[in-house]
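Below: one structure, written as structure tokens.
All heavy atoms count here, side chains included; hydrogens, waters and symmetry mates do not.
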Amino acid sequence: MEENNNTQEAITEEDLAGVIQIRRDKLDELTKEGRNPYELVKFDKTHLSRQIFDSYSALEGCDVTIAGRMVSRRIMGKASFFHILDNDGKIQVYARREDVGEDVYAEFKKWDVGDIIGVTGFVFTTQKGEISIHAKKLTLLSKSLLPLPEKFHGLKDPDLRYRQRYVDLIANPEVKDVFKQRSLIIRAIREYLDNLGFLEVDTPVLNTLAGGATARPFITHHNALDIDMYMRIAPELYLKRLIVGGFEKVYELGRQFRNEGMDIRHNPEFSTLELYQAYVDYHAMMEITENLYVYVADKVYGKRTFDYQGTEINLDKPWARLTMTDAVKKYVGLDFNKPIEEVYKDAKAKGIELEDGLSWGNALYTVFDQYVEEFLVQPIFILDYPVEVSPLAKRKKSDPRLTERFEFFITNREMGNAFSELNDPIDQRARFTEQARLREKGDEEAQMLDEDFVTALEYGMPPTGGLGIGIDRMIMLFTNSYSIRDVLLFPTMKPKG
């Protein structure tokens with residue numbers, strides 16, 4: 001059996017072993033002849049494909065040197081056309097036997113689609129108008145022992161794409177563009193915050209306590225100390241310690257780890273931005289949130305409207321604002337300004353079953369969480385969360401059942417969370433104690449009592465605003481990505497077998 005080198009044909013499971021053996025035989029032949037295709041330690045390039053396209057008028061007729069993966073080939077006797085895929089895209093190469101030499105051309109005909117090749121030649125345009133390189137020299141830089149997916153653009157199975165991202169990036173070059181955009185977005189986030197005078201910091205990923213969020217942690221073991229430790233679920237408590245210590249504006253961009261479910265919005269490890277600013281409240285955090293999204297949109301894309309899965313999202317300011325009680329009244333028709341007994345009665349009349357014995361705050365949050373989010377498509381701040389679900393936020397003076405907290409929503413999903421931070425150590429200890437009680441009753445997501453953080457608050461923390469934003473969901477919006485796995489290079493996958 002011979003592998004067809006002229007075009008990338010479909011390869012069945014039955015043929016795959018034979019194709020792989022052919023490639024290994026070619027490698028053995030090269031090695032025996034003293035031409036190990038893996039021995040080169042470097043290759044000096046002069047250009048990337050995009051540079052050649054962008055500067056064609058200046059480069060026409062000039063020699064260039066490129067390198068990349070051969071992703072298609074068409075052999076026509078004494079001449080061949082093939083395409084090289086590099087960091088920026090694809091470019092066509094024309095190779096003639098009389099130009100590269102008879103021996104080299106004979107060897108080239110044995111190379112395979114997928115091999116890494118270096119090309120030196122002059123820039124020209126074919127009769128069909130395609131900017132190309134007329135090869136003078138060809139160099140095999142690395143041998144590919146496995147065939148690329150069928151017809152190069154054939155890798156469509158999502159599971160395989162996520163497991164073998166390296167193949168996905170080769171077979172679906174548009175995927176690479178998503179991650180280039182990710183890099184630009186994160187760079188713009190840093191630029192925006194740095195311009196505001198925020199200081200980027202790093203805080204521990206391994207914690208002796210899991211705190212700063214309501215989530216189930218991953219547990220690991222430190223051998224030298226012989227203690228269990230937790231992968232962090234949020235950097236919040238450490239960042240607020242820095243506010244106590246005298247830094248007035250800090251932020252951290254980093255990974256969090258939560259031992260929870262996996263779906264199109266959730267991955268066990270994910271990226272967040274958390275920032276804290278002294279002497280401001282959650283209204284200042286709303287302003288930062290709006291301005292950050294607009295800054296990224298303007299800087300990276302030059303526009304403020306984006307298509308997300310068929311819906312146009314407009315990021316122009318100001319974003320809508322609605323309290324949680326008003327949102328429930330507007331979208332569900334339940335008025336939580338009534339006594340809780342009447343709320344239960346009205347809920348039952350609407351076919352909404354609430355667990356017996358819920359507090360006013362827990363009942364409000366339950367209805368919001370289950371029945372309101374589906375309506376929150378355009379950017380909106382939902383304000384004033386119940387104290388029961390906000391153990392780190394400051395109470396509202398006008399209604400101590402509520403806190404100065406907001407979450408903002410876009411495309412029916414929560415994108416970020418912010419507080420006027422609780423800085424009363426006595427209140428904080430009481431809330432931690434209640435969380436610990438819930439944990440003892442079996443709530444694995446309830447927060448732990450962090451004595452050192454309470455001690456930090458006892459030294460005094462100024463009034464502070466804090467904000468956390470899910471970076472992956474933000475990038476999903478800007479890149480029109482359906483699943484969080486589409487914006488993570490290597491998402492968590494269950495091992496095969």
Side-chain angles (χ1 to χ4, degrees), residues 1-33 35-43 45 48-50 65-76 79-95 100 104-121 132-133 135 137-157 159-177 179 489-490:
M1 178 178 59
E2 294 184 0
E3 182 181 356
N4 188 332
N5 281 311
N6 294 334
T7 59
Q8 185 70 0
E9 297 293 340
I11 299 174
T12 66
E13 289 291 334
E14 184 179 351
D15 293 338
L16 181 59
V19 170
I20 294 173
Q21 188 58 53
I22 290 173
R23 293 190 177 212
R24 289 189 177 274
D25 290 343
K26 291 178 180 179
L27 173 62
D28 289 341
E29 182 181 347
L30 288 169
T31 303
K32 289 175 182 177
E33 294 173 355
R35 292 179 290 165
N36 184 349
Y38 307 119
E39 66 185 1
L40 286 180
V41 295
K42 70 170 186 174
F43 183 79
K45 303 184 301 176
L48 291 168
S49 57
R50 177 49 52 194
T65 299
I66 65 165
R69 188 179 303 274
M70 181 164 62
V71 292
S72 67
R73 181 168 65 169
R74 184 159 47 95
I75 296 177
M76 304 173 296
S80 300
F81 283 98
F82 62 94
H83 281 89
I84 289 288
L85 177 69
D86 66 10
N87 184 74
D88 289 354
K90 286 193 303 181
I91 189 166
Q92 181 173 260
V93 179
Y94 174 61
V100 301
V104 171
Y105 190 73
E107 284 301 319
F108 164 75
K109 292 171 68 175
K110 298 178 183 179
W111 297 348
D112 295 296
V113 170
D115 290 350
I116 309 294
I117 297 175
V119 177
T120 297
S132 306
I133 298 172
K137 183 179 180 180
L138 300 176
T139 305
L140 180 62
L141 303 176
S142 183
K143 183 69 186 162
S144 172
L145 299 181
L146 293 174
L148 295 179
E150 176 187 350
K151 298 186 185 301
F152 176 53
H153 284 286
L155 187 62
K156 300 302 180 186
D157 176 17
D159 185 79
L160 186 58
R161 288 180 52 225
Y162 301 142
R163 289 182 187 279
Q164 297 184 339
R165 182 66 84 186
Y166 43 90
V167 182
D168 185 30
L169 292 168
I170 298 168
N172 301 306
E174 67 277 6
V175 172
K176 185 185 291 185
D177 187 56
F179 294 101
L489 278 168
F490 300 102

Shortest non-hydrogen contact from Met70 to Asp112?
CE-O, 3.1 Å
Ala95 versus Phe82, closest heavy-atom pair with distance:
CB-CE2, 4.1 Å
Any residue meeting salt bridge (charged side-chain N to carboxylate O under 4.0 Å, His left out) with Asp168, in chain and number order, not counting sequence neighbours:
Arg161, Arg165
Not counting sequence neighbours, which residues clear side-chain hydrogen bond (donor to acceptor under 3.5 Å, both in side chains) with Asp88? List them please.
none
Results of side-chain hydrogen bond (donor to acceptor under 3.5 Å, both in side chains) for Glu29 - residues two or more places apart only:
Lys110
Decide side-chain contact (heavy atoms from CB on, under 4.5 Å) for Ile170 and Tyr166; before the verdict, give the C-alpha distance in whole Å, the side-chain angles of both, and the deciding distance to 0.1 Å.
CA-CA 7 Å; Ile170 298 168; Tyr166 43 90; 5.6 Å; no
Checking Asp86 side chain against Ser49 main chain: does a donor-acceptor pair fall under 3.5 Å?
yes
Those residues at least two apart in sequence (or on a different chain) that pass side-chain hydrogen bond (donor to acceptor under 3.5 Å, both in side chains) with Asn87 are none
Reported CZ-to-CD1 distance for the pair Phe43 and Ile66, which is rounded to 0.5 angstrom
9.0 Å
Can you sort out the partners of Leu40 under side chain to side chain contact (heavy atoms under 4.5 Å, CB included), two or more places apart, ordered by chain and number?
Thr139, Leu141
Who passes side-chain hydrogen bond (donor to acceptor under 3.5 Å, both in side chains) against Arg163, sequence neighbours left out?
Asp159
Run the salt bridge (charged side-chain N to carboxylate O under 4.0 Å, His left out) test against Arg24 and tell me which residues pass, sequence neighbours left out.
none
Thr120: partners by side chain to side chain contact (heavy atoms under 4.5 Å, CB included), with sequence neighbours left out
Thr65, Lys137
Heavy-atom nearest pair, Ile117 first then Trp111, reads CD1-CE3, 3.7 Å
Where do Ile91 and Ile133 land on the side-chain contact (heavy atoms from CB on, under 4.5 Å) test, with the steps shown first?
CA-CA 8 Å; Ile91 189 166; Ile133 298 172; 4.1 Å; yes
Looking only at non-hydrogen atoms, find the nearest pair between Asn36 and Tyr38 and report the distance.
OD1-N, 2.9 Å
Counting N and O atoms only, with roles assigned by atom type, does the side chain of Asp115 sit under 3.5 Å from a partner on the main chain of Ser144, one being a donor and the other an acceptor?
yes
Please name all residues satisfying side chain to side chain contact (heavy atoms under 4.5 Å, CB included) with Val100, sequence neighbours left out, ordered by chain then number.
Val104, Tyr105, Ala135, Leu138
For Phe81, the ring pair (Phe, Tyr, Trp, His ring centres under 6.0 Å) test, sequence neighbours excluded, returns Tyr94
